[in-house]
Amino acid sequence: MESVKGYFDYNVTDKCISNNFENIAKQLYDFGYHTIAINQTIDESLLEESISEGKKKKKIERQDIVPSPIDAKIIKGCDKLKILNRLTISFTTQDIINRIIKSPNYRKYHIIAAQPESQQAFQFTCTNFEADIFTFNPSTKPNYKMQRKLYYLLVERGVHFEIMYGPAIEDSTKRKNIIATAHMYHSFGKSRNIIISSGITNSFLIRNPYDVINLGLLFGLSDGQAKDAIQNNGRNVYMHGSTVLEFVCWKLY
Amino acid sequence: MLSPEIWNFKAPDSLVKVEKGNIVNNNCFNTIQKLHHNHLVSVVLPDTLRVPQNICETLKNDCEYYKISNVGLDELVNINFINAFVRKGIFISLSINERIDCDDCMCITPNGFLLLSLTKETYESLGLEGTPSHYYNTKQRYVVSINLLSNHFKPGKKNYDRTKDRLLTLKKMTLLINWEPPHLDICPSSVAKYFDDLKFDVQVCLPDFQMRTNYTIKVPNFTMDNIHEFVEWLGMFSLESDLGGGGESYLSTYETPQPYQEYGQVKFLQWRGFFSSQQINKLLEVLISHLKDEEKPWISLYVQGFSDVVVGWDLQEHHYYTNGDNGYVIVLNSEDYMVYQHMCSKKSYK
Amino acid sequence: MYYYLDISFVNQDITAALFKNHIITSIKHVFGEIAAAIPFDVVKYDPSEIRAIVRVTQDHYVKFRGSLTLAGYYQGKPCAYIVHKVSPLLLSLLGDSRTYVH
């Protein structure tokens, strides 16, 4: 297991790859983020359309529903920047999860994030699903009810709760939802196991780590929790992701 | 239900200590001895037309320091190195381009201790004994302290051999070193030659010196009453900010603290590099003698330490939360002095 | 007492007064009109680099800095505030040992 250092940013969306990724990666490195994760999302609702289309066209070959992880080549001048691959699964029922886990591309990701969109999916994430990060869609209010018991269950399993600051800069509604969710994490779980990531789609949204620590204070975190959100908890997420990956590989073979 | 704070957020803690006294006792030199690794020094001289050469040169002559790239830390426990440079004279060193809150850092203090501040992974793979950092609740950072001047620390002893072996596993760092030889006839560059002979990339660094004159400036009187405003004024002047009193009041409501006097010329000097506390001491002596020779209202000296050094004040562990500055301001007139010491908070993060 | 911030504005050239005005608007967007009355001073403004030194009271520092972080748009175009250094001692903004090239 390699060691990861520096400030962590676990949500650099794949939209940044098409828009001059080298520039964005250099900027992130200069600001102080030495470990980043490129985030690719699987949305169950979009997937269902393509599956039904596939049935209509009667395709014989089975396409892998999980996209293959983007291979980020070493960027000149940022040799020390570690780039990981993260997969976010947005789902409402657990059926899609079983299909995803069996996919060969699934194992290639370092970090798995769960984005439940229903109460059933939320229950499934808390009990059965081996995710590293628990995330949410800032465009809408959550479709599930958080409970203290379930929050601590996730904490015990080593899952970290993600709060993104990029969408909060862009849009006022998203900002309200993000702050509301952050405060909910504070109320139900005393802001334990929180990570703050960028969720950026362009380079104007990057902020330096000390600004993000200050933002953490506004999200209801304490001094130590705000610093951990981009430091120590980031390291814990990587550790959790690596051990689960090893376990999954061991189980399959 | 637990509700988060949404209005009264507390700014990060920092400590300020103010000490006042009479110059005769020479106590103003005490603070200088507490901070060993100094980066920036600035002096403000009000009502001065010509700055004496000796003030400008104190931190320029014989203040070279060296930057050595890609050094393995096992070189610093080499017994020849310790006997030649750490035991004799005053040797200080620190790593650069490493952040104290994320990466591994090292420094060497004048009393001969090699200190390492390591992340959890590095510490566990290193295998030397250390203590967890005082600032973090979880054990995510450790400080390892090696006494280079200990009688038991020499080749052949188990402790020495083991330490040297384990230090080989650490990654190489870029270091700044500053050595003051024990006698005047020994050249300080012998430390550079030592590393150069070992085929390391050694670069001589000279302190960066700047001098600036500002004309017709309102200068506040140095009284012991409004110290915070006085130190703030020093900052405003040093940064060439708007000192207030003009027509434009939308941008800034700052005004020069009263009572003040207007002087024709005020000089600002700044040195940046790597200075030991001895070198700063010399500068303060020169400033005090200048004050005694010529009638000046006051003189100020500001010294700032490095943000990423393992130990700060009094060899206590240093940290960087959102700011990692340690610094002090000494203001003197012909009789009294005031020391304004600014320190990072000593509390651990909750 | 006071907290001092060394900030730059990334978007386009603007005058000092518009700069201060935009900061007030950003604070209002995040914290509302009561916070928009937070007194702060732009003690130094460099129009060529669009870099400023701002002074704010310690009680309001976190809200102030948070509003700068969340400020995303200036006149419809994306912008950003970069905070280079903050300190409760103004003299420490003279230099940053992290960025100095020896």
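From a predicted model like this one, the values you see are computed outputs, not experimental measurements. Chain identifiers are assigned alphabetically (A, B, ...) following the order of the sequence lines, protein sequences preceding nucleic acid strands; residue numbering begins at 1 within each chain.
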Geometric cation-pi criterion, [X] with [Y]: 6.0 Å, 45°:
X     : Y     : answer
C/K63 : B/W7  : yes
C/K20 : C/F40 : yes
C/R55 : C/Y4  : no

Check the pair B/Y321 / B/H319 against ring-ring contact (aromatic ring centres under 6.0 Å, His included), numbers first and verdict last.
CA-CA 6 Å; B/Y321 181 65; B/H319 70 121; 7.5 Å; no

Quick check on [X] against chain C: is it the side chain, the backbone, both or neither that has a heavy atom closer than 4.5 Å?
X      : result
B/Y66  : neither
B/S42  : side chain
B/V329 : side chain
B/S14  : side chain
B/Q203 : side chain
B/D208 : both
B/L239 : both
B/E232 : both

What option among C/H102, C/K44, C/H60 has the most heavy-atom pairs under 4.5 Å with chain B?
C/H102

Among [options], which residue has the highest count of heavy-atom pairs closer than 4.5 Å to chain C?
options                : answer
B/F274, B/Y302, B/F306 : B/Y302
B/Y320, B/F237, B/F9   : B/Y320
B/L176, B/I96, B/N8    : B/L176

Check whether B/W233 reaches the backbone of B/E255 with its side chain - one donor and one acceptor, N or O, closer than 3.5 Å.
no

Polar side-chain atom of C/Q58 near backbone of C/Y3 as donor-acceptor pair, under 3.5 Å
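Looks like no, no N/O pair under 3.5 Å.
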
Looking only at side-chain N and O atoms, does B/N326 offer a donor or acceptor that is under 3.5 Å from a partner on B/H318?
yes

The criterion is side-chain hydrogen bond (donor to acceptor under 3.5 Å, both in side chains); which residues satisfy it with B/H39, sequence neighbours excluded?
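By the side-chain hydrogen bond (donor to acceptor under 3.5 Å, both in side chains) rule, B/H39 matches B/R272.
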
Part of [X] lying under 4.5 Å from any heavy atom of chain B:
X     : result
C/F19 : neither
C/D46 : neither
C/A35 : both
C/I24 : side chain

For C/I53, which of C/V42, C/L5, C/L90 qualifies under side-chain contact (heavy atoms from CB on, under 4.5 Å)?
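Checked C/V42, C/L5, C/L90 against C/I53; only one passes side-chain contact (heavy atoms from CB on, under 4.5 Å): C/L90.
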
Do the side chains of B/L301 and B/L287 get nearer than 4.5 Å, heavy atoms only?
yes

